[in-house]
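No hydrogens, no waters, no symmetry mates; every other heavy atom, side chains included, goes into these values. By convention in this document, chain letters (A, B, ...) are assigned in the order of the sequence lines, proteins followed by strands, and residues within each chain are numbered from 1.
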2 protein chains.
Amino acid sequence: MTKDSKIPNSTIERLAFYSRPLEALLKDGPPIISSEKLAGLCGVNAAQVRKDLAYFGEFGVRGVGYEIKALLREIKRILGTDRKWTLCIVGIGNLGISLVENENFRKRGYVFVAAFDSDARKVGTRLPCGLTVEHEGNIGKVVKALEIKIGVITTPARAAQRVAGILSKAGIKAILNFAPIQVRTPERCIIENVDFSVRLENLVYHLERLYKGENTRKKQT
Amino acid sequence: MTKDSKIPNSTIERLAFYSRPLEALLKDGPPIISSEKLAGLCGVNAAQVRKDLAYFGEFGVRGVGYEIKALLREIKRILGTDRKWTLCIVGIGNLGISLVENENFRKRGYVFVAAFDSDARKVGTRLPCGLTVEHEGNIGKVVKALEIKIGVITTPARAAQRVAGILSKAGIKAILNFAPIQVRTPERCIIENVDFSVRLENLVYHLERLYKGENTRKKQT
DNA sequence: AGGAAATTGTGAAATAATGCACATGAATGG
DNA sequence: CCATTCATGTGCATTATTTCACAATTTCCT
Ligand SMILES: NC(=O)c1ccc[n+]([C@@H]2O[C@H](COP(=O)([O-])OP(=O)(O)OC[C@H]3O[C@@H](n4cnc5c(N)ncnc54)[C@H](O)[C@@H]3O)[C@@H](O)[C@H]2O)c1
Ligand SMILES: NC(=O)c1ccc[n+]([C@@H]2O[C@H](COP(=O)([O-])OP(=O)(O)OC[C@H]3O[C@@H](n4cnc5c(N)ncnc54)[C@H](O)[C@@H]3O)[C@@H](O)[C@H]2O)c1
């Protein structure tokens with residue numbers, strides 16, 4: 001294959017997924033893994049693993065398996081996580097703080113280089129990670145100056161749509177939105193909405209059915 | 001229809017999704033909405049909306065549309081969000097705090113009634129929301145006493161799997177896990193893993209393709 | 001060297017989800 | 001009271017995704 005003949009979105013999701021156990025194995029595991037084993041670790045079908053990878057090239061050796069180190073490198077290259085990405089965040093509340101202070105992002109190459117808030121009391125404060133909170137009005141200037149391409153929104157829902165517009169206008173090309181509202185941007189900009197409540201509602205739905213014995217078993221996310 | 005002849009999981013996701021704009025309209029909007037309008041607000045196909053709803057009954061009136069108030073009530077009933085759910089949370093770090101303090105959950109009927117941590121310095125402290133942090137060793141006792149069915153994990157990755165086991169053993173039936181690891185439980189227990197990095201990786205993949213003009217346009221999440 | 005065992009890559013089949021298009025029923029207005 | 005308009009519910013075609021199953025390679029063992 002190797003040609004990107006319509007790669008399913010779910011394949012991309014799974015690639016990120018596969019990389020987790022692979023990273024763990026890199027430290028203290030065998031140097032090679034089979035699609036069967038990897039599939040087992042991720043709770044998916046082995047053919048699925050092979051097909052997902054085959055969209056992008058032939059990374060395995062027949063009769064042998066996949067070399068973990070090389071495979072991980074390829075996956076990172078495909079996903080674009082082999083390089084550093086700079087992010088900005090708007091809305092420095094509880095969730096915002098927890099995101100900028102989170103170690104995992106930095107480890108994966110996602111570095112917050114600017115933080116904005118509209119609250120005068122927060123503007124100017126220095127966060128533990130070293131960033132200083134700037135006023136929301138400076139988004140345009142800072143984003144352009146630092147050439148930031150990804151923005152994270154952690155403002156209340158009512159502000160999210162407006163903030164998305166500002167980010168988009170400032171040149172941001174991708175937005176990760178945590179406010180519980182479906183934001184849209186006019187210009188070409190990729191949006192990913194993350195809504196924890198939706199995840200909980202999903203859980204609750206299946207939980208109710210669990211007791212009634214209806215088979216609504218869902219695949220793990 | 002009305003019979004649950006294999007309801008797609010994505011239908012459930014979308015139901016939660018539909019409820020957002022509906023709630024907003026409930027306050028200051030018309031009393032009736034068409035599938036066309038609702039679909040527009042959610043960025044999906046109108047037939048999809050109708051089909052999703054039709055799995056559970058006939059909630060609309062031909063030639064008219066759906067009565068918003070009634071529709072919302074039905075969706076909530078379906079999802080199981082028409083009643084209160086009690087949750088417990090394990091791992092009171094930055095993310096844990098932000099979750100228990102979050103207003104939205106409470107508004108939607110998800111109430112945290114117990115918080116656990118293994119750090120002696122945190123145990124005993126009283127959180128702004130009123131909860132007192134208890135020691136992780138008490139999970140079994142407390143969960144059983146309060147008959148909690150849903151657990152949230154916000155511990156570091158290395159502790160997540162063990163915590164999931166403890167929760168499951170304590171009688172927890174559904175787990176929302178934020179640690180960046182795929183947790184599994186032996187007993188019948190529904191797990192939903194939420195990994196922000198996966199969302200970011202997704203975004204980055206599409207972002208890279210965006211410039212190259214390859215059409216990897218993804219539907220908004 | 002040659003056969004057995006392992007495991008990939010992939011076409012084809014099976015399964016699942018989406019979207020079209022229209023019959024059907026409700027409301028409106030003359 | 002009939003015609004027109006509107007919008008639902010749904011059978012069916014279409015499109016997308018997953019899984020099966022097997023030929024193709026590689027390794028290992030004798
Ligand atoms: N905290 C959670 O666990 C959680 C969970 C799910 C969703 N969310 C959502 O994430 C968002 C943030 O949650 P939070 O708990 O951090 O809320 P928060 O109230 O603690 O923080 C929101 C911050 O945004 C700032 N802000 C408001 N309007 C702004 C604007 N126009 N420009 C810039 N900054 C602005 C506020 O000053 C505040 O600092 C909310 O929409 C919330 O619903 C949070
Ligand atoms: N903070 C974020 O924005 C964010 C984003 C994505 C993922 N996550 C993940 O969520 C988890 C928590 O993130 P955080 O930023 O709050 O981390 P944190 O280090 O601030 O908090 C972790 C808490 O868990 C407690 N803990 C450790 N082991 C425990 C155990 N066995 N039982 C009970 N409690 C235990 C610690 O004492 C600490 O209070 C991590 O796995 C992190 O990777 C966080």
Side-chain angles (χ1 to χ4, degrees), chain A residues 1-15 17-18 22 30-68 70-71 74-75 78 202 215-221, chain B residues 1-15 17-18 22 30-68 70-71 74-75 78 202 215-221:
Chain A
M1 268 201 194
T2 312
K3 54 194 294 287
D4 39 23
S5 54
K6 283 245 242 52
I7 295 160
N9 206 332
S10 34
T11 286
I12 308 306
E13 300 255 316
R14 280 188 299 264
L15 284 184
F17 218 63
Y18 299 155
L22 288 178
I32 307 261
I33 194 170
S34 69
S35 59
E36 197 78 51
K37 289 256 174 56
L38 180 54
L41 289 172
C42 299
V44 303
N45 180 290
Q48 182 89 81
V49 170
R50 296 198 294 275
K51 184 145 281 189
D52 282 342
L53 296 173
Y55 278 118
F56 300 95
E58 304 203 355
F59 306 133
V61 179
R62 291 172 186 217
V64 181
Y66 300 88
E67 201 213 320
I68 293 180
L71 181 56
E74 289 296 341
I75 291 179
I78 295 163
N202 221 262
N215 189 15
T216 61
R217 211 79 198 86
K218 63 194 290 292
K219 72 177 166 202
Q220 294 197 356
T221 317
Chain B
M1 271 206 190
T2 311
K3 56 195 293 289
D4 39 22
S5 53
K6 280 241 244 56
I7 296 159
N9 205 331
S10 35
T11 287
I12 307 307
E13 301 255 316
R14 281 190 298 267
L15 285 184
F17 219 63
Y18 299 154
L22 288 178
I32 307 261
I33 194 171
S34 69
S35 58
E36 198 79 50
K37 289 257 175 55
L38 181 53
L41 290 172
C42 298
V44 303
N45 181 290
Q48 182 87 81
V49 170
R50 296 198 296 273
K51 185 148 285 190
D52 282 342
L53 296 173
Y55 278 118
F56 300 95
E58 306 203 354
F59 306 135
V61 180
R62 292 172 186 216
V64 182
Y66 300 90
E67 202 214 320
I68 293 181
L71 181 57
E74 288 297 339
I75 291 180
I78 294 163
N202 221 261
N215 188 14
T216 61
R217 211 80 198 84
K218 65 195 288 294
K219 72 176 166 198
Q220 295 197 356
T221 318

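Rounded to whole angstrom, the span from the CG atom of L38(B) across to the C1' atom of dA7(D) amounts to 13 Å. Between the NZ atom of K6(B) and the C1' atom of dT10(D) there is a distance of 17 Å, given to the nearest Å. Rounded to a whole Å, the CD atom of E74(A) is 16 Å from the C1' atom of dG9(C). One interatomic measurement links the two molecules: CZ of R50(B) to C1' of dT18(C), which rounds to 13 Å at whole-angstrom precision. Atom C1' of nucleotide dT8(C) and atom OH of Y55(A) are separated by 16 Å, given to the nearest angstrom. If you measure from atom CZ of F56(A) to atom P of dT8(C), you get 18 Å, rounded to the nearest angstrom. Whole-Å rounding puts the I32(B) CD1 to dC6(D) P distance at 16 Å. Here the P atom of nucleotide dT8(D) and the CZ atom of F59(B) are 14 Å apart, to the nearest Å.
Side-chain N/O atoms of Y66(A) include one lying less than 4.0 angstrom from OP1 or OP2 on dG9(C). The side chain of R14(B) contributes an N or O atom lying less than 4.0 Å from OP1 or OP2 of dT18(C). Checking the phosphate oxygens (OP1, OP2) of dT7(C), no side-chain nitrogen or oxygen of S35(A) falls inside 4.0 Å. At the phosphate of dT19(D), neither OP1 nor OP2 sits under 4.0 Å from any side-chain N or O atom of K51(A). Within the structure, a side-chain polar atom (N or O) of S10(B) is placed less than 4.0 Å from OP1 or OP2 of dT18(C).
Take the nearest nucleotide of DNA chain D for T11(A) and for V64(A): the residue whose nucleotide is more 5' is T11(A). Comparing G63(A) and A47(A) along DNA chain C, the residue whose closest nucleotide (by nearest heavy atom) sits nearer the 5' end is G63(A). Nearer to the 5' terminus of DNA chain D, by closest-nucleotide assignment, is the contact made by G60(B) (compared with the other of Q48(A) and G60(B)).
Between S34(A) and Y66(A) there is no side-chain heavy-atom pair separated by less than 4.5 Å. Counting heavy atoms from C-beta on, the side chains of Y55(B) and L15(B) never come closer than 4.5 Å. Using a 4.5 Å heavy-atom threshold, the side chains of N45(B) and V49(B) count as separate.
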I'd like to know whether T11(A) forms a side-chain contact (heavy atoms from CB on, under 4.5 Å) with F56(A), so could you lay out the CA-CA distance, the side-chain angles of the two residues, the decisive distance to 0.1 Å, and finally the verdict. CA-CA 11 Å; T11(A) 286; F56(A) 300 95; 4.2 Å; yes
Determine whether I32(B) and V61(B) satisfy the following criterion, side-chain contact (heavy atoms from CB on, under 4.5 Å), listing intermediate values before the conclusion. CA-CA 10 Å; I32(B) 307 261; V61(B) 180; over 6 Å; no
Please walk me through it: do I75(A) and Y18(A) pass side-chain contact (heavy atoms from CB on, under 4.5 Å)? CA-CA 9 Å; I75(A) 291 179; Y18(A) 299 155; 4.2 Å; yes
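Comparing the axis of the opening five pairs of the helix from dA1(C)-dT30(D) to dG30(C)-dC1(D) with that of the closing five pairs yields an angle of 0°, rounded to 10°.
Comparing dT17(D), dG19(C), dA21(D) by their nearest atom to the side chain of P8(A) picks out dT17(D). The A54(A) side chain lies nearest to dG9(C) when the options are dT8(D), dC20(D), dG9(C).
Taking CD1 of I68(A) as the start and CG of L38(A) as the end, the distance is 8.5 Å to the nearest 0.5 Å.
For E36(A), the CD atom is loosely surrounded, since the number of other residues' heavy atoms within 6.0 Å does not exceed 12.
Residue side chain R62(B) reaches the base of dT24(C) through a donor-acceptor N/O pair under 3.5 Å, judged by distance alone.
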